[in-house]
2 protein chains.
Amino acid sequence: MADAPTIDSLIEANAAFYRAFESLDLPALEKAWDAGDRLFCVHPGWQALSGREAVMDSWRAILANTGKIAFTLTRVEARIAGTVGIVTLYENIDSQVGNERHRASAIATNLFRYDQREGGWKLFHHHASLAAAPDGKMAVN
Amino acid sequence: MADAPTIDSLIEANAAFYRAFESLDLPALEKAWDAGDRLFCVHPGWQALSGREAVMDSWRAILANTGKIAFTLTRVEARIAGTVGIVTLYENIDSQVGNERHRASAIATNLFRYDQREGGWKLFHHHASLAAAPDGKMAVN
């Protein structure tokens with residue numbers, strides 16, 4: 001059955017985005033993002049990026065510098081407003097850059113546009129920011 | 001003339017939200033936010049807040065602890081997708097807490113819902129996070 005604009009398919013599209021990132025799979029990330037140019041992306045601690053070229057360049061740079069990364073997604077909340085899917089969540093991240101292991105948590109706002117012809121929900125907005133740990137310290141490493 | 005769901009009215013609703021914050025005007029902030037309970041708010045460095053009560057409690061706490069605050073909004077980009085208004089921007093913040101003055105920049109994702117009966121665009125999602133300064137340092141103070 002074809003994809004449909006349901007909460008379940010939205011949550012699955014969001015999960016597929018993180019699986020693509022975990023797999024360091026650039027073609028899958030390119031497919032997860034909308035093909036149009038009105039893309040917006042904030043990686044934790046980065047400046048805001050606009051446009052498909054800048055966003056995809058950032059993923060190439062991140063994948064090239066990431067040895068391993070794994071996400072545990074918590075507090076996932078999804079809603080649909082017309083053709084826009086809104087997903088908020090905590091990204092609980094275990095990553096390895098060179099020989100260094102990092103643990104961090106980030107809060108993400110992910111916005112998807114539904115397009116049946118393009119295969120369903122496409123990410124066009126990703127805003128991720130480090131979350132303070134419960135003791136109030138920034139969980140940078 | 002009544003408000004209409006245009007880019008101009010969306011940008012104005014976004015500006016009104018920051019004017020309410022600058023004025024430390026709780027009733028205006030309560031009016032800027034949607035009356036429903038599906039609200040989501042991330043203040044820079046805070047945990048994610050869900051629901052109108054938690055969000056409004058956070059504003060009460062922020063206003064009570066802020067002497068002066070002024071915003072210069074830059075890179076404001078607005079788009080409308082159905083009934084959802086999406087605004088992204090840099091908040092360039094000058095604030096005073098007690099005798100301490102702070103300067104910081106944050107990137108914000110603001111989502112609005114259009115409701116003619118309720119007077120136009122209502123904020124239901126605010127995700128603000130500190131932006132790295134151009135030299136790569138976090139602009140915390």
Side-chain angles (χ1 to χ4, degrees), chain A residues 5 7 34 36-51 54-55 74-92 105-115 121-122 124-140, chain B residues 5 34 36-51 54-55 73-92 105-115 121-122 124-140:
Chain A
I7 290 286
D34 194 83
D37 197 47
R38 294 206 64 178
L39 306 187
F40 179 90
C41 182
V42 181
H43 302 293
W46 289 47
Q47 300 295 337
L49 304 172
S50 296
V55 172
T74 55
R75 286 184 62 184
V76 179
E77 295 192 27
R79 63 191 293 185
I80 298 171
T83 56
V84 178
I86 303 163
V87 185
T88 57
L89 65 142
Y90 275 71
E91 303 173 349
N92 302 285
S105 289
I107 300 167
T109 296
N110 294 330
L111 304 181
F112 295 81
R113 182 177 76 82
Y114 190 77
D115 188 328
W121 295 106
K122 295 294 178 177
F124 67 89
H125 179 112
H126 171 64
H127 182 168
S129 59
L130 291 174
D135 62 2
K137 291 180 194 160
M138 292 291 275
V140 179
Chain B
D34 194 81
D37 198 46
R38 294 207 64 179
L39 307 187
F40 180 89
C41 182
V42 180
H43 302 293
W46 289 45
Q47 299 296 334
L49 304 171
S50 295
V55 172
L73 308 184
T74 55
R75 285 185 63 185
V76 179
E77 294 192 28
R79 64 191 292 187
I80 297 171
T83 57
V84 178
I86 303 164
V87 185
T88 57
L89 65 142
Y90 275 70
E91 305 173 349
N92 302 286
S105 290
I107 300 167
T109 296
N110 294 330
L111 304 181
F112 296 81
R113 183 178 74 83
Y114 190 76
D115 189 327
W121 295 106
K122 296 293 180 178
F124 68 89
H125 179 112
H126 171 63
H127 182 168
S129 59
L130 292 175
D135 60 4
K137 290 181 196 161
M138 291 291 275
V140 179

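Here is how names work: the chains are called A, B, and so on, in the same order as the sequence lines, proteins then strands, and each is numbered from 1. Quick note: numbers below take in every heavy atom, side chains included, and nothing from hydrogens, waters or symmetry partners. All of these numbers come straight from a predicted model, not from anything done at the bench.
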Participant: Please report the shortest heavy-atom distance between B/Thr109 and A/His125, naming the atom on each side.
Facilitator: OG1-NE2, 2.9 Å
Participant: In sequence, state the C-alpha distance, the side-chain angles, and the governing distance for A/Thr88 and B/Val42, and then conclude on side-chain contact (heavy atoms from CB on, under 4.5 Å).
Facilitator: CA-CA 11 Å; A/Thr88 57; B/Val42 180; over 6 Å; no
Participant: With a 4.5 angstrom heavy-atom cut-off, which part of B/Ala108 approaches chain A: side chain, backbone, both or neither?
Facilitator: backbone
Participant: Compare every heavy atom of A/Trp46 with every heavy atom of B/Ile107, then report the nearest pair and how far apart it is.
Facilitator: CD1-O, 3.7 Å
Participant: Please enumerate all residues that pass side-chain hydrogen bond (donor to acceptor under 3.5 Å, both in side chains) together with A/Asp34, with sequence neighbours excluded.
Facilitator: A/Arg113
Participant: B/Arg38 side chain to A/Arg79 main-chain N or O, any donor-acceptor pair under 3.5 Å?
Facilitator: no
Participant: Kindly say whether B/Ala48 contributes a backbone atom to a donor-acceptor pair with the side chain of A/Arg75 at under 3.5 angstrom?
Facilitator: yes
